[in-house]
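Scroll down for the structure; my scribbles are underneath it.
In this text the structure is predicted, and so the values were computed from the model without any measurement. Naming: A, B, ... by sequence-line order, numbering from 1 per chain.
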There are 2 protein chains.
Amino acid sequence: MKRNTRQREAILSTLYGSGRSLSPVEIRAEASVYVPGLSLPTVYRQIKGLVEEQAVSQVDLPGQSPRYEAPCDAHATVAGHHHHHFHCDVCERVYPIHACPGSMATLAPKGFRVERHDVTLHGRCASCAARA
Amino acid sequence: MKRNTRQREAILSTLYGSGRSLSPVEIRAEASVYVPGLSLPTVYRQIKGLVEEQAVSQVDLPGQSPRYEAPCDAHATVAGHHHHHFHCDVCERVYPIHACPGSMATLAPKGFRVERHDVTLHGRCASCAARA
DNA sequence: GTGGATGCAAACTCTTTGCACCTTG
DNA sequence: CAAGGTGCAAAGAGTTTGCATCCAC
């Protein structure tokens with residue numbers, strides 16, 4: 001997965017252009033504007049390669065299939081930086097949260113070694129909240 | 001889904017007997033001890049009904065298929081109470097965390113309305129940490 | 001020109017559904 | 001005895017793979 005095909009470029013620019021996390025189907029829909037006929041298997045193969053080379057990161061939210069996002073450039077860490085996500089219950093979109101409640105090691109029972117945490121917020125995003 | 005069949009009893013006692021969240025396959029494996037030949041479709045149908053009547057709650061962790069657990073009786077709230085989960089990276093088991101970092105409404109951007117949050121801790125459970 | 005990438009179709013996994021038979025109340 | 005539950009097999013949904021063709025280098 002190193003060649004600059006039209007498909008790869010379309011997928012990459014879709015991910016880097018969007019400020020949020022996209023599902024494979026969303027990626028296909030957006031990238032199809034640049035490459036009509038783009039196939040879903042190609043999207044899956046490209047994102048798999050892109051995740052491996054850390055050009056894109058995978059976002060797993062509870063109860064949802066994986067989404068993908070461009071590493072945040074606001075903090076310019078090469079391999080992306082620690083952040084969380086907000087899932088809008090209305091439009092189903094996923095937005096990055098550049099804040100963190102901090103270590104949660106003390107929440108676990110004695111003897112448990114906490115090495116990582118995931119936080120997902122749910123509710124209404126700004127535009128869906130304004131609409132209500 | 002109201003009749004007390006052997007299958008239903010086996011599934012319920014498996015969930016109530018285990019102190020953690022189980023996947024449908026795990027439920028089937030455990031409950032098969034009481035009902036040999038228990039089928040996976042029956043497990044899926046029973047848990048669906050049990051979740052609807054709130055006798056069991058569904059646990060969605062990031063990147064994982066759903067698990068199911070008996071509502072925690074330590075706090076004795078009928079419909080279960082707010083809690084989180086710990087996922088062991090070694091044995092893949094999921095344990096309840098009866099603590100919560102508190103509201104995270106301030107983490108979201110302006111205009112976002114936060115109504116709920118999920119927290120998942122990852123690392124090593126007590127027995128896997130002791131073994132290392 | 002050659003090897004990697006693409007698109008199609010088929011395979012796979014997980015979950016759900018149709019249906020004949022069995023069991024609970 | 002009737003309504004509901006079970007097991008089997010097959011159908012769906014989402015993702016991955018095989019393969020012939022195409023295209024970037």
Side-chain angles (χ1 to χ4, degrees), chain A residues 1-16 20-69 85 87 92-94, chain B residues 1-16 21-69 87 92-94:
Chain A
M1 286 297 182
K2 304 161 192 170
R3 291 190 180 178
N4 287 344
T5 61
R6 292 176 306 129
Q7 290 86 345
R8 178 187 179 88
E9 292 306 312
I11 292 168
L12 264 177
S13 62
T14 294
L15 285 167
Y16 277 77
R20 53 192 185 85
S21 309
L22 303 176
S23 69
V25 170
E26 285 175 318
I27 295 170
R28 184 198 184 176
E30 299 262 336
S32 289
V33 175
Y34 307 105
V35 181
L38 174 65
S39 72
L40 213 34
T42 291
V43 172
Y44 278 105
R45 281 188 280 235
Q46 282 292 346
I47 58 188
K48 183 177 179 183
L50 291 169
V51 166
E52 278 168 9
E53 19 179 306
Q54 304 190 2
V56 156
S57 53
Q58 179 168 333
V59 177
D60 290 320
L61 298 193
Q64 316 230 344
S65 12
R67 290 157 194 257
Y68 301 88
E69 68 184 12
H85 296 90
H87 176 257
E92 299 281 307
R93 289 182 178 170
V94 172
Chain B
M1 283 299 184
K2 304 160 191 169
R3 292 189 180 177
N4 286 342
T5 60
R6 294 177 305 129
Q7 291 85 345
R8 178 186 178 88
E9 292 306 313
I11 292 168
L12 263 177
S13 62
T14 294
L15 285 167
Y16 277 76
S21 309
L22 303 176
S23 69
V25 170
E26 285 176 319
I27 295 171
R28 183 197 187 179
E30 299 262 335
S32 288
V33 175
Y34 306 104
V35 181
L38 174 64
S39 72
L40 214 31
T42 291
V43 172
Y44 279 105
R45 280 187 280 233
Q46 281 294 347
I47 58 186
K48 183 178 179 182
L50 291 169
V51 167
E52 277 167 9
E53 18 178 307
Q54 304 190 3
V56 157
S57 53
Q58 178 168 334
V59 177
D60 289 320
L61 298 193
Q64 316 231 343
S65 9
R67 293 158 193 256
Y68 301 88
E69 66 184 13
H87 176 257
E92 299 281 307
R93 290 183 178 168
V94 172

Rounded to the nearest angstrom, tell me the gap between atom [atom1] in [X] and atom [atom2] in [N].
X       : N      : atom1 : atom2 : value
A:Asp60 : D:dG14 : CG    : C1'   : 15 Å
A:Arg67 : D:dG14 : CZ    : P     : 13 Å
B:Gln46 : D:dG5  : CD    : P     : 7 Å
A:Leu40 : D:dT16 : CG    : C1'   : 11 Å
A:Leu38 : C:dT6  : CG    : C1'   : 9 Å
B:Tyr44 : D:dG7  : OH    : P     : 15 Å
A:Ile47 : C:dA5  : CD1   : C1'   : 15 Å
A:Arg8  : C:dG4  : CZ    : C1'   : 12 Å

Query raised in the report: Think A:Gln7 has a side-chain N or O under 4.0 angstrom from the OP1 or OP2 of D:dC23?
Result: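 For D:dC23, OP1/OP2 do not have a side-chain N/O of A:Gln7 under 4.0 Å.
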Query raised in the report: Between B:Thr42 and D:dG7, is there a side-chain N or O to OP1/OP2 distance below 4.0 Å?
Result: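 Answer is yes, contact under 4.0 Å.
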Query raised in the report: Is a donor on one side and an acceptor on the other found under 3.5 Å between the side chain of B:Glu52 and the backbone of B:Gly49?
Result: no
Query raised in the report: With distance as the sole test, does B:Arg28 use its side chain to make a donor-acceptor pair with the main-chain N or O of B:Val43 at under 3.5 Å?
Result: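 No: the side chain of B:Arg28 does not pair with the backbone of B:Val43.
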Query raised in the report: Quick one: which of D:dT16, D:dC8, C:dG25 gets closest to the side chain of B:Asn4?
Result: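 The nucleotide sitting nearest to the side chain is C:dG25.
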Grab the two heavy atoms, one from [X] and one from [Y], that are nearest each other, plus how far apart they are.
X       : Y       : answer
A:Pro66 : A:Gln58 : CB-NE2, 3.5 Å
A:Glu69 : A:Arg20 : CB-O, 4.3 Å
B:Leu40 : B:Pro24 : CD1-O, 3.9 Å

Detail all sub-3.5 Å separations between protein N/O atoms and N/O atoms belonging to nucleotides 21-23 of chain C.
from: C:dT23; atom 1: O2; to: B:Arg3; atom 2: NH1; distance (Å): 3.3

Query raised in the report: Do A:Arg8 and A:Glu53 pass the salt bridge (charged side-chain N to carboxylate O under 4.0 Å, His left out) test, and can you show the C-alpha distance, the side-chain angles, and the key distance before you say yes or no?
Result: CA-CA 13 Å; A:Arg8 178 187 179 88; A:Glu53 19 179 306; 3.1 Å; yes
Query raised in the report: Could one point to a donor on the side chain of B:Arg45 or the base of D:dG4 with an acceptor on the other under 3.5 Å away?
Result: no
Query raised in the report: Taking atom types as modelled and ignoring hydrogens, do the side chains of B:Thr14 and B:Glu30 form a donor-acceptor contact shorter than 3.5 angstrom?
Result: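 Judged by distance alone, the side chains do not pair up.
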